[in-house]
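Read the structure below first, then the notes.
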Amino acid sequence: MGPPEHGVIRCARELAFATASPVISDFEDLPIDIPIHVHFTDRLFGRTATEAADAFVSIVERHRAPVTVTLHDIPQASDGTAFEARTTCYRRVMGCVSAVVVSSMHERLLLDDIANRPIDVRVVPLPIHSATPRPGQRAAMRNVVGVLGFVYPGKGHEEVLEAMRPLDNAVDLLSIGSASPGHETMIDELTGAAEKLGRSFDSTGFVPDADLDELLRSISIPVAFHRHLSASGSINSWIAAGRRPLVPRGRYVEEIEANSPGTLWIHENSVDGLAAAMTEALDHPDRTWQQPGVVPYPTLHQAAALYSALFRERCERTIQELPDGRWVIPGNRWDLVPPVDRNPSVSVVIPYFEQQRQLELVLTALTVQSYPGSRIQVIVADDGSAIAPDVDAFRSTLDVTVVRQSDLGFRAAAARNLGASAAHGEILFFLDADTVPEPGYIAESARLLAALPDALAVGRRRHADMAGWTSSDVAEWLGGRSAGPPELKEPRWLRDGYAGSRDLLDADRRSYRYIISAVMSCTRQLFTEIGGFDESIVGYGGEDWDFAHRAYDSGAVLAHLPRAVAWHDGPEWAERTGGDRERKNLEAMTLASRITDPAARTHGLIYAVPEIVVVVNSAGHSSASLLRTVGSVLRGSDCELWLQGPDAAELRRPWGDVDPRVKHGQPNDTGRSHAVVQVHGPVLFGKYALRRMLATGADRMIVDVGGTGVVELSTSRANARAARWAAALGRTPEDVADDMFGRMHRTGVEFGLSIGEQQPNLAW
């Protein structure tokens, strides 16, 4: 919306054509059932910020498909009295879209200052067209200082005139562009100010694109002294014309320099600093031209790729049917799975240690299950009781087996594995010997597991005092003929965890904490592929979190089924005192070496299983740049690094003894690490770059670093699920991963990544 010569409109159209997207300027013609992307600045959508927000919100409210937006001209304190109204406007816009794009990390930080809720914000820098070669002749040069863009307060024209005082009087000021609507009088004001200095001021008015590059190449001193700089198309236009504009040092300017080293002439952020730079530019005009080998970033094609990747993310990925009628789903969307008309065989594994009365309560509950499948197989896995459990009374209604292991301490993990080894059901249910399932427990869980082979499901564990209860009491209660036992407090941490994740539909890499083996189920196929429970875990607790963590990183889909209820006889451990709390602390220490969750680990230690495996390709590196890349990766990261490439060993040789985390060749096993990161080209990692990349929650991501470097991230979760089902679906693992997890496309400046041949200030 707005005049075609406006920078936002030109940028929007250019990106739309580059992404092969249709352009609609009249919202009355807008289809309401297709995703749309809008370029927004309040100055184009209404006479006031309030009107602009009203116009935008009305568009979104009648739209049925996702809406994303690029925000331009982010409000900042220098807006003065307009800041509050503009902030309210931008908050309203952000509040009704699915994702926001800004054109610089500087704008992202400005947005963080005004946002009142979390929002998905992406940084896609304004595209820079390929710089044209500098002309061989300077005879056609105009002896002027050029300022490109609309004339309006804050563009810097007044300050540029002031900085021109020390220059030769033959140098004049040229404004390339017209006055911004409402500021036409500034042309006369600047003309008068220039005359007082014995100079002239002229304005070209609007310059068509076809003529702009030639004009910019004729200017002696290219200047961009904007006072409210956040993202600048005019700076990019100077660069695209082959010029190296004079710009004041600041956060945004340093960001451009990080993305496109050598494209700017950076001076002190003051009128005196500009004056000194202009004097030097007159003495050394060659420095105002782009030098050979400078690669601006991003090109229009690269920016379009970032937008296209965002649009693909917003489109709903679909489930895929396996040849056997089961399904594979995108991400963790177990809610998309349609029901299947079958009742697979089930096996229930119950670890046991001298709990005869409680076991009888559980077995009684299993005899009244509503599951319509064949007779339920039950395996009682005795962890070394002095007297074997007595199950004879239940053999007539259950296919019950007892397996036993020696008493070598509390070995619940080994007992569950022993029980699973005797199971023949397609689905495995794990119940503790003191946890009584309601009649619909198995049917509720089997409904999902019959359709979704990747699912790892957890039921709802409630608590009751069953002291003195018998099998008859349980049968009467579950049959609806008597009241249940006194209910105890349900664990709040579990209840809040399930509510906050929509029953694990929004599971992330820390959701393993909400999978408890007392009410857990999965397919036998998944259990086998994960490798079962870790039998080296001896003592109270922890084996279920370790199993769930490995399952998630192996591509399992986590699901909480609140209607699959089982009742634990006794209170939650947090309600206990003394030894149980100490055992929980020991459990956490045991898990730290196995679980790559940074919240479970002590910072600074080196673990046998690193959180991240980083593979650095030596191509394009010198020995020094490779050392800088490696050093920046390892700083503050829980990772292991592998060097690859035909010259990797030779480049590494001058280092001598290096960090033992640096290895050469192909990583031998990445399955238990959370992510694999591939680094191509000289790239410097800011201290928290890897942590920020993982914090996006993306399972697959490409990060463009300037014009040369690329970093690729993929999680073990995405890799494992794609590999598991590629053959069955008749597709490549890469294609399956694209469908199941997509591929996020981001820029290095968002994470503190920069081109490795220089070291800019990436404090953000």
Side-chain angles (χ1 to χ4, degrees), residues 332 334 344 346-352 362 365-366 369 371 376-381 383 412-421 423 425-438 440-450 452-463 491 493-495 497-498 501 503-504 507 511-535 537 540-568 572-573 587 591 595:
N332 206 69
W334 53 265
V346 301
S347 297
V348 180
V349 176
I350 304 174
Y352 169 90
V362 176
L366 290 174
Q369 289 295 301
Y371 185 63
I376 296 172
Q377 182 193 23
V378 179
I379 303 102
V380 179
D383 187 20
R416 290 192 180 96
N417 284 350
L418 179 63
S421 68
E426 179 184 329
I427 300 175
L428 298 179
F429 286 83
F430 293 92
L431 280 171
D432 281 358
D434 55 6
T435 305
V436 177
E438 291 187 355
Y441 178 82
I442 289 180
E444 184 65 29
S445 301
R447 184 178 298 112
L448 177 66
L449 295 166
L452 185 58
D454 283 330
L456 176 62
V458 60
R460 180 184 177 189
R461 182 181 66 177
R462 301 180 72 176
H463 293 257
W493 67 277
L494 275 176
R495 191 171 64 247
Y498 298 141
S501 63
D503 289 326
L504 299 181
S511 297
Y512 66 87
R513 298 171 297 156
Y514 306 117
I515 303 295
I516 49 177
S517 53
V519 284
M520 187 185 84
S521 53
C522 62
T523 63
R524 188 151 51 96
Q525 175 185 1
L526 181 66
F527 184 84
T528 301
E529 288 180 358
I530 294 169
F533 292 91
D534 185 345
E535 297 187 13
I537 297 178
Y540 175 80
E543 75 283 349
D544 46 5
W545 282 11
D546 170 76
F547 177 84
H549 180 268
R550 283 186 288 117
Y552 187 78
D553 273 351
S554 295
V557 175
L558 306 187
H560 173 237
L561 305 176
R563 292 189 295 181
V565 178
W567 293 81
H568 176 83
E572 145 74 353
W573 77 268
E587 172 189 333
L591 291 176
I595 290 179

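Small disclaimer: the values here were computed from a predicted structure and weren't measured.
Checked against salt bridge (Lys or Arg N to Asp or Glu O under 4.0 Å), R550 has the following partners two or more places apart in sequence or in another chain: D546. Residues passing the salt bridge (Lys or Arg N to Asp or Glu O under 4.0 Å) test with D434, sequence neighbours excluded: none. Scanning for side-chain contact (heavy atoms from CB on, under 4.5 Å) contacts around E529 gives Q525, R724, with sequence neighbours left out. Residues satisfying the side-chain contact (heavy atoms from CB on, under 4.5 Å) test with R563, not counting sequence neighbours, are E444. The side-chain contact (heavy atoms from CB on, under 4.5 Å) search around L494 returns R461, P491, Y498, Y514, I516, not counting sequence neighbours. Every side-chain hydrogen bond (donor to acceptor under 3.5 Å, both in side chains) that N417 has, sequence neighbours left out, goes to E535. Annotation: ring-ring contact (aromatic ring centres under 6.0 Å, His included) contacts of Y352 (sequence neighbours excluded): none. By the ring-ring contact (aromatic ring centres under 6.0 Å, His included) test, W567 pairs with W477, sequence neighbours left out. For S347, the side-chain hydrogen bond (donor to acceptor under 3.5 Å, both in side chains) partners at least two apart in sequence or on another chain are Q377. Remark: R524 pairs with no residue by the side-chain hydrogen bond (donor to acceptor under 3.5 Å, both in side chains) rule, at least two apart or across chains. With sequence neighbours excluded, the residues forming a ring-ring contact (aromatic ring centres under 6.0 Å, His included) with F430 are F527, F533, listed by chain and number. Every residue meeting the side-chain contact (heavy atoms from CB on, under 4.5 Å) condition with Q369, not counting sequence neighbours, appears here in chain and number order: L366, I376, P437, Y441, I442.
Counting only distance, with no hydrogens or angles, the side chain of S554 and the backbone of I530 share no donor-acceptor pair below 3.5 Å.
R416 contributes atom CZ, which lies 12.5 Å from atom CG of L428 (distance to the nearest 0.5 angstrom). For the atom pair S445 OG and I427 CD1, the distance stands at 8.5 Å (nearest 0.5 Å).
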